[in-house]
Number of protein chains: 2
Amino acid sequence: MAAKNREGGSQPTINDVARIAGVSKKTVSRVINGSPLLNEDTRKRVQEVIRELGYVPNPQARALALRRNFLIGLVHDNPNAQTVLKVQQGILEAIRDTEFELVVRPVDRGMVNMLDDIRQFLERQRLFGVVLMPPISENDSLAELCRQIGCRYVRMGSAELDDPTNMVASNDREAVRDAIRYLIGEGHRRIGFVSGPHGFRSALERRLGFEEALEEADLKLPRSMVADGNYTFESGLLAAERLLDLSPRPTAIFASNDEMATGVLQAARRRGMDVPRDLSIVGFDDTPIASHIWPPLTTVRWPIATMARSAALKLTVSVTEGEQEVDEPSMFLSTLIRRGSVAAPPHN
Amino acid sequence: MAAKNREGGSQPTINDVARIAGVSKKTVSRVINGSPLLNEDTRKRVQEVIRELGYVPNPQARALALRRNFLIGLVHDNPNAQTVLKVQQGILEAIRDTEFELVVRPVDRGMVNMLDDIRQFLERQRLFGVVLMPPISENDSLAELCRQIGCRYVRMGSAELDDPTNMVASNDREAVRDAIRYLIGEGHRRIGFVSGPHGFRSALERRLGFEEALEEADLKLPRSMVADGNYTFESGLLAAERLLDLSPRPTAIFASNDEMATGVLQAARRRGMDVPRDLSIVGFDDTPIASHIWPPLTTVRWPIATMARSAALKLTVSVTEGEQEVDEPSMFLSTLIRRGSVAAPPHN
DNA sequence: TTGTAGGCGTTATCAC
DNA sequence: GTGATAACGCCTACAA
């Protein structure tokens, strides 16, 4: 009963191919995995049979034998829907037409045993690799965990968190510095800043960019010009209300992401202020909403999808492209997009 | 060499449990799968060992033996990021703390061999089940395909697309009818409609709701009051420009989703119109943007996340809850959320 | 260059 | 109730 003559609707197995091609399973296996030591004729014959049968290796069996699944995990605790989706799109683009699939795994950063949870996930599913999204990607223990259990990983972040093979980053600090320089260039001297949440590296980097630009220009601003936010619309709105209550109030506000910038815009509107006449606003991300609100938002375009695509390629390229190791870049530049929400300050 | 004394960091297997508990593999297997015919003492003893060892069954081996993976697929071709992400969240909520994982699979509806592509995906990964998102969920051949290859499925849609076990739906038509009734009740007589793309059931249902409400109220509107859109911001903007060029122009516009409604708002603004004084706007979805723009958008809340959660439960509940088959509902009601974008029409 | 034997960790069959 | 034994479909090691 070794060689059954597979009937019925089930898919062909390596045995079917071997039997029909008149070779052993192992030879078929070699063809599949592109082993170099193979008679050219044999290879062709086997490949022909594979094509005829429409044979495709069974991923479950492979996963069991290799102790490794062809699944890419996306681990994240990012609150921003747009960002998460862009990252997914980037990864999916990278693994399109490959044998890889994407498994999504949101985690709860508040949970005490979050790391255990992730470990379980990685170990049980035996993922081929994981893409770690910010802010959880900034957690060094998590990276260490991946290394320990032998799971490839790429961390996405707003700074160089790891060595280039395990990381893709954007230059948030510089990008924000440029944005603030631009505001200063337009004549603004009182610039408010709405920060991201404590503990986010992106929040820190953007804040540092802000401060660097001020220093460059010898602008000293009171601490009150910095208001805490947490990347949500509401927090942006509240922060702006605090900022706009100041006297003198800022003539421009930089919000550390677009969602908060939208909140700032809302706050201004509620006071009957006109943007950009009475207040200039700059955001960060260039999410769709940035160009869909009025006035369209001047913002920093963050190439998050590209970064994600590159992250996935770093994970998988050695498999799909042989060992040629096309060097994926690990640094991606954010750029300022000028739209309608910035103007020269009112001269009062 | 049958029973190795597992050392090193690898995870315990069913063999370890069996050896330590002094039973056979099969007995352990029975405990895991909750077989009814088992001595209570044996069960307890085995469970104790499982707990001590922290044993967890290997999903790859299971998948191979069962010819079925514990993966839930999400197949979609939906262009709206918010919607896709909400659906993911709903599914993830449903499978949280279960052995299931979520695999995301966007497809290209334009592709000629899309169905083959999906078939390959389902057959190769041997998914436990799939959630089909609109608009591709409306494709009957796809459902037929799932049935053929024995893959459970649940279709999400804006109407009853299938029998209740294989479907979750919302009552878009009624919901839009209510929304239009509301506009009429506020005094509007010239109501513009921005439709969704041709071929989307949701677009059709929303359109029918619009027409039913008009008929009820004996309102006859010229065809020109209906403008085609495709669920994007830009299409909403263009459609609104056409509508606002009419003479007399509409005093209210219903857009078939929030993104287009935002485009309508933008178009109005560009003409210096005040919303809602000069134009009332109603959207559909209640995405975050609806409450983040000014004025906040009156819209229909579409319980898409809840629907997705329910869809995933329909797929998995028989496994996680034994056979009790908690009846998940298959119809979910959309409701009108009144915010600031609607007022009585200007009396000119 | 190719084949044989055995293992990956689970479930199914069918005796006892 | 429980346990050998054989799948499941692939891969690795070693032999030929």
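Protein chains get the first letters and strands the later ones, always in sequence-line order, with residue 1 at the start of each. These numbers were taken from a predicted model, which means no experiment stands behind them.
The two atoms that bring Arg155(A) and Ser137(A) nearest to each other are NE-O, 2.7 Å, heavy atoms only.
In this structure, CD of Gln11(A) is placed 9 Å from P of dG9(D), rounded to the nearest angstrom. Arg68(B) places its CZ atom 16 Å from the C1' atom of dA12(C), with the value rounded to the nearest Å. Rounding to whole angstrom units, CG of residue Asn69(A) and C1' of dG9(C) are separated by 14 Å. To the nearest angstrom, P of dG9(D) lies 15 Å from CD of Gln125(B). Rounded to whole Å, the distance from CD on Gln60(B) to P on dT11(C) is 13 Å. One can place CD of Glu123(A) at 13 Å from P of dG9(C), the figure rounded to the nearest angstrom. If you measure from atom CG of Leu64(B) to atom P of dA6(D), you get 17 Å, rounded to the nearest angstrom. In this structure, CG of Asn15(B) is placed 13 Å from C1' of dG3(D), rounded to the nearest angstrom.
Contact check, Ser24(B) against dG3(D): a side-chain N or O comes under 4.0 Å of OP1 or OP2. In this model, the phosphate group of dC8(C) is not approached by any side-chain N or O of Thr13(B) to a distance below 4.0 Å at OP1 or OP2.
Each of Val23(B) and Asn58(A) was matched to the nucleotide of DNA chain D holding its nearest heavy atom; the match closer to the 5' end belongs to Val23(B). In terms of position along DNA chain C, the nucleotide closest to Asn39(A) lies nearer the 5' end than the nucleotide closest to the other residue of the pair Asn39(A) and Arg67(A).
Listed by chain and residue number, Gln82(B), Leu85(B) satisfy the side chain to side chain contact (heavy atoms under 4.5 Å, CB included) test with Ala81(A) (two or more places apart in sequence, or in another chain). Partners of Glu101(B) according to the side chain to side chain donor-acceptor pair (under 3.5 Å) rule, which considers only residues two or more places apart in sequence or in another chain, are Arg105(A).
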Next item on the list: Produce a footprint string for nucleotides 11-16 of chain D: one letter per nucleotide, 5' end first; B if the base is under 4.0 Å from any protein heavy atom, S if only the sugar-phosphate is, - if neither.
Entry: BB----

Notebook entry, point to check: Taking it one step at a time, do Asp108(B) and Asp77(B) satisfy side chain to side chain contact (heavy atoms under 4.5 Å, CB included)?
Noted result: CA-CA 6 Å; Asp108(B) 184 356; Asp77(B) 61 339; over 6 Å; no

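Counting only residues at least two apart or on different chains, the salt bridge (charged side-chain N to carboxylate O under 4.0 Å, His left out) pairs with a member in residues 34-44 of chain A are Glu40(A)-Arg43(A). For the salt bridge (charged side-chain N to carboxylate O under 4.0 Å, His left out) condition, the pairs that include at least one residue of residues 47-64 of chain B, sequence neighbours left out, are Glu48(B)-Arg51(B), Arg62(B)-Glu99(B).
Over its full length, the helix from dT1(C)-dA16(D) to dC16(C)-dG1(D) turns its helical axis through 40°, comparing axes from the five pairs at each end and rounding to 10°.
Counted by atom type alone, Arg119(B) and Gln148(B) present one or more donor-acceptor pairs between their side chains at under 3.5 Å.
Using cut-offs of 30° and 60° on the angle between ring planes, the pair Phe128(A) and Phe100(A) is perpendicular.
Proximity of Thr42(A) to Arg30(A): side-chain heavy atoms (C-beta onward) are nowhere separated by under 4.5 Å.
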